[in-house]
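Here's the structure, in structure tokens; my notes come after.
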Amino acid sequence: MSIFEYNGSAVVAMVGKNCFAIASDRRLGVQLQTIATDFQRISKIHDRVFIALSGLATDVQTLYQRLVFRHKLYQLREERDMKPETFASLVSAILYEKRFGPYLCQPVIAGLGEDEKPFICTMDSIGAKELAKDFVVSGTASESLYGACEAMYKPDMEAEELFETISQALLSSVDRDCLSGWGGHVYVVTPTEIKERILKGRMD
Amino acid sequence: MDLLKVNWGRRKHSLFYYLFLASKQLFPLDLYLFSPNPFRFDQPSSSSRLFDFGRMSQAGVDVPAKGGFSFDLCKRNDMLIQKGLKAPSFLKTGTTIVGLIFKDGVILGADTRATEGPIVADKNCEKIHYMAPNIYCCGAGTAADTEAVTDMVSSQLRLHRYQTGRDSRVITALTLLKKHLFSYQGHVSAALVLGGVDITGPHLHTIYPHGSTDTLPFATMGSGSLAAMSVFEAKYKEGLTRDEGIKLVAEAICSGIFNDLGSGSNVDICVITKGHKEYLRNYMEPNPRTYVSSKGYSFTKKTEVLRTKITPLMERVEITEVGEAMEE
């Protein structure tokens with residue numbers, strides 16, 4: 001069994017028109033046993049940048065704490081928030097530092113950059129950035145997510161339509177993966193508000 | 001041991017700060033036992049702790065280390081692998097990368113597919129990396145390694161240019177890359193095609209993950225290298241014009257795209273001549289998505305939402321200075 005299949009996860013982020021959506025499942029398991037159905041995978045770095053980490057849950061939490069620490073240091077020094085592109089480079093550097101003994105998680109970063117232009121990116125566990133203009137996926141359900149997103153994604157969707165698309169893609173993909181699911185957690189971020197929604201999904 | 005002290009209080013400019021960090025020499029694998037601790041605010045930097053793994057693994061102050069790799073998670077990862085969990089697979093660029101020297105300079109070409117095992121992770125990634133205004137480098141192998149190694153050498157070249165006041169030479173980039181790759185004995189899995197035009201003329205080199213290099217008039221690397229090399233061997237001649245060169249490179253990459261499963265999507269080309277470079281991103285797109293339905297997807301059943309929380313974002317306030325500046 002792969003190390004990423006120890007806890008199970010599904011994460012997806014999509015770009016819309018001046019907004020982005022980032023979604024994850026909510027299951028935390030130890031191989032085939034579910035131990036929590038409200039695990040927080042998506043974390044806010046600041047109002048305009050979110051990071052979702054899939055993979056080994058302990059590394060998800062440790063890496064999140066390290067990244068929040070580095071961002072707070074940055075805020076103290078620069079007196080402003082980090083741009084999402086800069087944050088992605090920071091995560092990539094932190095992951096590559098551990099090239100020969102990596103953190104066993106794959107981040108998905110989403111944010112609103114200059115001029116409210118949405119930015120998404122994902123990385124493998126050693127920090128190889130993959131910038132995409134449409135959607136990025138990560139986790140044990142990633143293969144189904146690739147397929148669902150390819151079919152359902154349209155460019156320039158508004159916030160409500162984007163929410164519907166990303167939720168449908170997430171729920172249909174986790175239904176085909178034993179290790180992820182048990183609901184969904186979706187954040188849709190526009191320049192004026194952050195909408196966080198908990199989805200009802202199959203609890204099996 | 002190269003102890004580069006950084007005084008955090010006197011950081012002058014964020015650009016130099018990051019360039020400086022990125023350009024530090026990375027420690028060779030066999031010296032990892034002696035690598036210094038991450039810098040701590042509360043201790044003088046001169047104290048050296050050789051076997052202090054206990055301290056290193058504490059949460060403590062995780063300020064950026066003095067460059068180089070850190071090995072503190074290796075023990076835990078080995079333990080997990082022994083318990084039967086498979087190690088993760090990294091993003092590879094299966095790839096076809098090529099370079100050729102033509103009459104006035106160098107042309108580099110690459111495909112744009114990034115794979116994670118058998119799955120295509122990125123359909124349009126960039127494999128031609130910037131090293132200097134007159135030098136570009138294509139990378140095959142583990143994506144994180146090619147990106148990190150080319151970024152690091154690019155920063156080192158920039159600092160070197162500031163120091164010498166001259167344009168970078170291709171041979172400088174070559175030596176920096178091969179020294180780094182050799183010291184990691186092939187574990188940094190980056191196979192590169194480096195090309196550029198400097199004061200001494202056009203140059204094209206290939207660099208293998210173990211650190212060996214070749215200087216060639218035309219070169220191919222990656223899983224699609226045999227497909228591309230067959231095109232080059234049949235059609236290459238010296239003194240090609242720019243258009244002939246671009247056509248030949250595009251043909252070689254296409255042969256890799258269509259015949260090799262690890263390469264695909266589009267063709268990127270970079271033409272470097274004396275004093276001028278042209279990066280033709282997605283020069284050819286032989287694999288467009290033609291099957292997309294214009295209607296799009298419509299969902300009849302809406303998703304059920306259990307809870308919604310709306311956080312309004314504060315408007316970004318622009319502070320403009322009005323009035324006179326404060327007197328000193």
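Any value given below was found using the heavy atoms of this structure, including those in side chains, with hydrogens, waters and symmetry copies removed. In what follows, chains carry the letters A, B, and so on, assigned in the order in which the sequence lines appear, proteins first and then strands, with residues in each chain numbered from 1.
- Cation-pi contact between A/Arg197 and A/Phe163: present, with separation from the ring centre below 6.0 Å and deviation from the ring axis of at most 45°.
- The greatest number of non-hydrogen atom pairs below 4.5 Å with chain B, out of A/Lys133, A/Lys195, A/Gln65, A/Glu193, is found for A/Glu193.
- Proximity to chain B is limited to the side chain of A/Leu56, based on heavy atoms less than 4.5 angstrom apart.
- Between chain A and the residues B/Glu147, B/Lys123, B/Arg307, B/Glu116, the most heavy-atom pairs under 4.5 angstrom are made by B/Arg307.
- Heavy-atom distances place both the backbone and the side chain of A/Glu164 under 4.5 Å from chain B.
- We find that B/Arg76 and A/Asp59 are joined by a salt bridge, their nearest charged nitrogen and carboxylate oxygen being less than 4.0 Å apart.
- In summary, the aromatic rings of A/Phe20 and A/Phe119 are positioned with their centroids too far apart to meet the 6.0 Å limit.
- Here the two rings, on A/Tyr74 and A/Phe87, have centers that are 6.0 Å apart or farther.
- The greatest number of non-hydrogen atom pairs below 4.5 Å with chain B, out of A/Ala132, A/Gly127, A/Ala151, is found for A/Ala151.
- Side-chain atoms of B/Thr308 and A/Glu196 include no donor-acceptor pair closer than 3.5 Å.
- Within the 3.5 Å criterion, the main-chain N or O of A/Asn18 finds no donor-acceptor partner in the side chain of A/Glu158.
- A/Tyr153 does not touch chain B: none of its heavy atoms, backbone or side chain, sits under 4.5 Å away.
- Electrostatic pairing of A/Asp38 and A/Arg26 does not count as a salt bridge here, judged by no charged N lying under 4.0 Å from a carboxylate O.
- Contacts of A/Thr58 with chain B are made by side-chain atoms alone, with heavy-atom separations under 4.5 Å and no backbone atom involved.
- Contact annotation for A/Ile126: both backbone and side-chain heavy atoms come within less than 4.5 Å of a heavy atom of chain B.
- In the displayed structure, B/Leu261 atom CG is contacted under 6.0 Å by at most 12 heavy atoms of other residues, nucleotides or ligands.
- For chain B, the nearby parts of A/Pro102 are the backbone and the side chain; heavy atoms of each come within less than 4.5 Å.
- Donor-acceptor pairing under 3.5 Å is recorded for the side chains of A/Ser180 and A/Asp177.
- Your options are B/Val188, B/Val305, B/Asp145, and the one with the most heavy-atom pairs under 4.5 Å with chain A is B/Asp145.
- When each of A/Lys129, A/Met123, A/Arg99, A/Lys154 is scored by its heavy-atom pairs under 4.5 Å with chain B, the top score falls to A/Arg99.
- For chain B, no part of A/Tyr187 is nearby; none of its heavy atoms comes within less than 4.5 Å.
- Using a 4.5 Å cut-off between heavy atoms, B/Asp122 contacts chain A through both its backbone and its side chain.
- A/Thr165 touches chain B through backbone and side chain together, each having a heavy atom under 4.5 Å away.
- Looking only at heavy-atom pairs under 4.5 Å with chain B, the residue among A/Ser167, A/Ser89, A/Ala93, A/Gly55 that has the most is A/Ser167.
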